[in-house]
Each structure stands twice: as C-alpha cells, then as structure tokens.
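Scroll down for the structure; my scribbles are underneath it.
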Amino acid sequence: MLYINGKWESSEDNLDVVSPTNGQLLGTVAKGGEQETKLAIDAAKKALPAWSKRTAKERYDYLNRVAEILRSRTDEIAEVITTEMGKPVKESKAEISLAIDYLEWFAEEGRRIYGETIPASSSSKRLSVIRQPIGVVGAITPWNFPIAMITRKIAPAMAAGCTVVLKPASSTPLTAVEVIKACHDAGVPEGVVNLLHGSASNITKALMDSPVVRKITFTGSTEVGKQLVRQSADTMKKLSLELGGHAPFIVFEDADLEQAAEDLIASKFRNAGQTCVCTNRVYVHESIVKPFSELFAEKIRKLVVGDGLESGVTIGPLIDSNAVDKVEDQVQDAREKGAEVLVGGKKIVEGEYAKGNFFEPTLLVNATHDMKISYEETFGPIAPIFSFTTEEEAIDRANNGEYGLASYIFTKDASRIVRVSEALEYGIVGINDPMPTVAQAPFGGVKESGIGREGGRQGIEDYLEYKYLSFQLDV
Ligand SMILES: NC(=O)C1=CN([C@@H]2O[C@H](COP(=O)(O)OP(=O)(O)OC[C@H]3O[C@@H](n4cnc5c(N)ncnc54)[C@H](OP(=O)(O)O)[C@@H]3O)[C@@H](O)[C@H]2O)C=CC1
Ligand SMILES: O=C(O)[C@H](O)CS(=O)(=O)O
C-alpha cells in the first residue's frame with residue numbers, strides 16, 4: 001500500500017512480492033508513479049512547518065513510540081523480513097533490534113542539536129549560529145536490510161525536524177509497510193512520513209525534479225549512487241550515499257586462527273553474504289594459509305542452507321536469480337583462472353530448493369587478482385582466500401580498488417593494529433571484530449563506497465543546515 005498524507009492508498013497498478021525461497025507469490029502492494037510522488041512531496045511540504053516547530057522532546061516521544069511498537073511486533077515483522085528476502089529469522093530479529101537502536105539513538109540526538117555564539121568583532125554586534133532541518137527528504141532503501149536501512153534514514157530525518165518521502169526496494173515492500181504502520185500507530189502526524197512503491201526511476205525523477213525536496217538519502221549500489229549524483233545537480237540537492245563495498249579481511253601470522261575463522265564466518269556469510277560490509281577478499285599470511293583454510297573450510301561445512309523460517313538454518317536464499325547467476329559467474333571465472341574450490345561451488349537446484357535462489361556456501365583457495373571476485377562486489381556466499389608475504393603487501397592489496405567501506409584485520413600486535421588500521425583506505429575498520437555496526441557509531445565509506453555517515457553523532461548532521469545570525473544592536 002501507498003501511504004500519503006497519513007492515509008493508506010490503493011492503486012490500479014500493483015507490485016507482486018515473490019518469495020526468494022520458493023518462488024511463491026507472497027502478496028502485492030499498490031504501485032505509485034510520478035503523480036503519487038508529487039502528492040507525497042506536497043504532503044511532506046505541508047507537514048514540514050508544524051513538524052519542524054515541535055519541540056525536540058515531542059519528536060523524541062514520537063520516535064520512541066515507533067520503536068516500542070516495532071519491538072512489540074518483532075516476531076511478526078521478523079517473519080515478514082525472512083519471507084520477503086530470505087535471511088534466517090534469527091538475523092531478521094537482530095536487524096529489527098538494530099532498526100530500533102537507530103530510532104532510540106536519534107530520538108536522543110535530536111535533543112542535542114546545539115547552536116553556538118561567536119565573539120563579535122564589534123561591541124555592538126552579537127553573532128550566533130542556529131541549526132535548522134534541511135526540509136523535505138527523499139529516502140531510497142535496499143532490500144538486504146529492509147527495516148534497518150529505513151530507520152537509519154527516517155529516524156535522523158524526523159529527529160532533525162524533516163519530513164520524508166520513502167521509496168523502499170521493490171523486493172521488500174511489505175517490510176517497509178510494517179515500519180510505516182508503526183509510525184501511523186504511534187500517531188506520527190500526517191505527511192511527516194510518506195511511502196511509495198513502484199518504478200524507482202520514475203519516482204526518483206519526480207523527487208529530483210522537485211525543488212521542494214532538499215535532500216536525497218540513498219543506500220544501494222554504487223552504479224545507482226553515481227546516477228543520483230548526476231541527477232541531483234539541477235536542483236543542488238544534498239546527498240547521503242551508502243553504496244557498494246568490497247571488504248578485505250586480513251589474517252596476520254600472529255592472529256588467533258580459531259577466532260579469526262569463526263569471525264570470518266560471521267563477516268562473510270551473514271545474510272548469505274548479501275551485505276555491503278561483508279568480507280569479499282580474505283588475505284592470509286603465507287605461513288598460515290593452509291591451516292587457516294582447512295579450519296575455515298570445516299566451519300563452512302557446518303553451515304545449514306535452507307528456508308530461513310526453519311530453526312537451525314544459517315544460510316538462506318539469495319534475493320533473486322540474477323544474484324545466483326552473478327556468483328556462479330564469479331566462481332566459474334575464478335576456477336578458469338586457477339582457483340581451487342575447497343567447499344561448495346554450485347547453485348542448489350534439487351528438490352525443495354528447485355524454485356528458490358540457493359547457492360552453496362563456497363570457499364575458493366589460490367585466488368589471484370586477475371579474477372572477477374577480486375574486484376567485483378560478490379554479494380553472495382563466496383569466500384576467496386589470497387595469500388600475502390609482508391604487511392605492506394597486505395595493505396597495498398587491500399587498498400587497491402574503488403571501494404572503501406569496511407575492512408577487517410586480525411592480529412594481536414598492537415603496533416601493527418595502529419599501523420594497518422591507519423593505512424587502510426576505508427570508512428570502517430573491524431579490529432579482531434567482524435561486526436562493527438552499531439547505531440551510536442558513524443557508518444559509511446570513502447572512495448566509491450559513498451558520501452556521508454549514518455548513525456553516530458555524525459548521522460544527524462546531514463539533515464540539518466547551519467544558519468548564521470549577525471545582530472547589530474541599537475547604538
Ligand atoms: N553502503 C551500504 O550501507 C549498503 C550498500 N548496499 C549496496 O546495494 C547493492 C545491493 O542492493 P540493491 O538493492 O540491489 O541496490 P540497487 O542500487 O539496485 O537498489 C537500491 C535501491 O535503489 C533503487 N533504485 C534502483 N535503480 C534506481 C535508479 N535508477 N534510480 C533511483 N533508485 C533506484 C531500488 O529500487 P528497486 O528495488 O525498485 O529497483 C532500491 O530501492 C549492493 O551493491 C550493496 O553493496 C546495500 C545495502 C547497504
Ligand atoms: O546493508 C548493509 O550491508 C548493512 O549496512 C550492513 S549492517 O549495517 O547491518 O552492518
């Protein structure tokens with residue numbers, strides 16, 4: 001359903017939602033286009049003055065009510081997420097918890113939007129700076145974290161006093177409906193958040209063409225991110241872009257191999273490898289590459305592939321058949337260029353998996369940098385191991401590429417931790433830590449992994465404008 005100006009709207013045109021687990025039709029949602037987008041922008045514009053004039057405490061109360069409603073509905077929403085995009089229900093619950101953390105974090109941050117006074121150059125002047133909401137925000141979100149990527153945007157926007165037009169991924173509209181239902185049930189005033197489904201290019205064009213929309217916040221592929229940068233120029237919109245990644249995971253010779261292998265399972269196979277911060281390249285010091293590969297292979301063999309709704313399943317399907325084709329192509333290419341498949345390597349098409357998008361969790365060894373997997377984002381359950389000799393070589397290899405989102409280093413050497421984490425060209429460095437993402441820390445990348453940060457103290461900055469007040473007193 002579309003949600004515009006506080007009302008659920010139907011449409012003649014509908015979007016089918018299909019299960020990645022078994023290909024079944026899960027439901028349909030109303031689709032909107034340019035006309036509905038303009039109505040949503042008008043609703044957000046109309047709601048902006050009253051919403052931005054509410055006190056920070058009032059907005060804090062609304063955001064916490066939304067968080068409480070989502071918390072109370074965790075089980076049913078987790079089922080919606082798993083059904084729509086496949087991740088195991090335990091991961092869906094963890095994502096809902098992260099989504100709630102963003103709401104609660106920014107509810108608080110909205111109460112700390114401080115200004116400043118500046119010593120004037122003349123005794124008859126008073127200088128100050130206030131912070132004001134940027135205005136109407138367009139938010140475009142991906143399918144792989146269908147609830148957390150929404151609250152990571154609407155929470156800071158609403159806390160700052162902005163109003164929002166949201167376009168979620170077409171693969172996961174039902175999850176987005178659950179978030180907006182929670183906003184509606186929390187009494188968020190009409191027009192503050194609006195929900196559209198439909199052709200991304202048509203909706204985005206209407207958002208970009210409107211001078212009312214002052215900011216676009218996007219999470220998705222680098223390819224689309226670049227397109228948005230070009231489209232935003234005509235109306236000079238502020239952009240926050242959380243884009244693709246190609247994380248290196250570097251295991252030095254002094255690392256705790258058991259812990260590093262366990263942590264690599266988490267970093268590589270969470271969400272079947274469909275996260276922008278997933279490990280894409282595993283660099284292991286040449287002196288330990290064989291024992292580490294065997295240790296890691298043993299752990300991969302214990303992963304359980306299946307329907308994410310079933311308990312014990314740790315790897316669900318990929319989002320669609322294109323995703324399966326992409327990882328199959330990367331594995332085939334790696335094999336042709338000399339990689340050895342230690343575990344997995346094939347799509348799963350037998351029996352109950354026939355109608356789903358399943359691929360075996362896969363370990364490639366003897367990987368080299370001419371392989372597609374060494375530079376194309378994988379977004380699937382494939383881990384290639386590369387060996388290295390020196391720390392400098394590991395850093396150079398890790399930094400070689402257009403992405404700069406997440407990176408991981410495993411070593412117990414404190415000086416090496418300082419040297420390597422400072423030398424890595426990434427927005428995030430996990431140090432003996434495969435899961436750095438928390439609401440209170442700035443999440444984002446450098447190079448072609450994006451612009452801006454989400455979460456943390458920094459995450460609300462992009463929804464605010466500075467205004468400088470220069471006051472000449474009566475002399
Ligand atoms: N840095 C980060 O935090 C994250 C990055 N990503 C990256 O996103 C990619 C996977 O997600 P995926 O959803 O496939 O990415 P896409 O870029 O294809 O889609 C992301 C969103 O953008 C919309 N979209 C698609 N085409 C356009 C367009 N031309 N103009 C405007 N919006 C458009 C999609 O709508 P529709 O679904 O209708 O096509 C969806 O809502 C990976 O590269 C991953 O690394 C994903 C999550 C987090
Ligand atoms: O989309 C993603 O990959 C998420 O940003 C990953 S995380 O925020 O859950 O780490």
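All values reported here derive from a predicted model rather than from experimental measurement. In listed order, ligands and their atoms are each counted from 1.
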How far is [atom] from its nearest protein heavy atom, and which residue and atom name does that atom have?
atom                    : result
atom 9 (C) of ligand 1  : Ser221 N, 3.6 Å
atom 10 (O) of ligand 2 : Thr437 OG1, 2.6 Å
atom 11 (O) of ligand 1 : Trp143 NE1, 3.7 Å

Q) Out of Pro168, Gly427, Gly220, Ala176, who gets a non-hydrogen atom closest to atom 7 (C) of ligand 1? A)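 Going through Pro168, Gly427, Gly220, Ala176 one by one, Gly220 has the nearest heavy atom to atom 7 (C) of ligand 1.
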Q.
Can you check which of Leu166, Val224, Asp320, Ile319 brings a heavy atom nearest to atom 28 (C) of ligand 1?
A.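 Closest candidate by heavy-atom distance is Val224.
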Q.
Less than 4.5 Å apart, side chain to side chain, heavy atoms only: is that true for Leu363 and Phe296?
A.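 Heavy-atom side-chain distance check passes, below 4.5 Å.
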Q. Heavy-atom count around Lys45 NZ within 6.0 Å, excluding the residue itself: above 12?
A.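 For Lys45, atom NZ is not crowded (no more than 12 foreign heavy atoms under 6.0 Å).
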Heavy-atom gap [X] to ligand 2 smaller than 4.0 Å:
X      : result
Gln274 : no
Met435 : no
Glu242 : no

Q: Test the Arg281-Phe386 pair against the cation-pi criterion, namely NZ or CZ under 6.0 angstrom from the six-membered ring centroid and within 45° of the ring axis.
A: no
So that I know where these two stand, are [X] and [Y] an aromatic pair - ring centroids less than 6.0 Å apart?
X      : Y      : result
Trp105 : Tyr60  : no
His184 : Tyr62  : no
Phe410 : Phe249 : yes

Measure [X] to ligand 2 on non-hydrogen atoms and call it side chain, backbone, both or neither using the 4.0 Å cut-off.
X      : result
Glu454 : neither
Arg270 : side chain
Asn144 : side chain
Met149 : side chain

Q. Given Phe269 and Leu303, is the side chain to side chain contact (heavy atoms under 4.5 Å, CB included) satisfied, shown in steps?
A. CA-CA 9 Å; Phe269 294 105; Leu303 294 172; 3.8 Å; yes
Q | Part of Leu405 within contact of ligand 1 (heavy atoms, under 4.0 Å) | A | side chain
Q. Ligand 1 and Ser170, any nitrogen or oxygen pair closer than 3.5 angstrom?
A.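 By distance alone, the answer is yes.
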Q.
Using a 4.0 Å cutoff against the non-hydrogen atoms of Cys276, which atoms of ligand 2 qualify?
A. 1 (O), 2 (C), 3 (O), 4 (C), 5 (O)
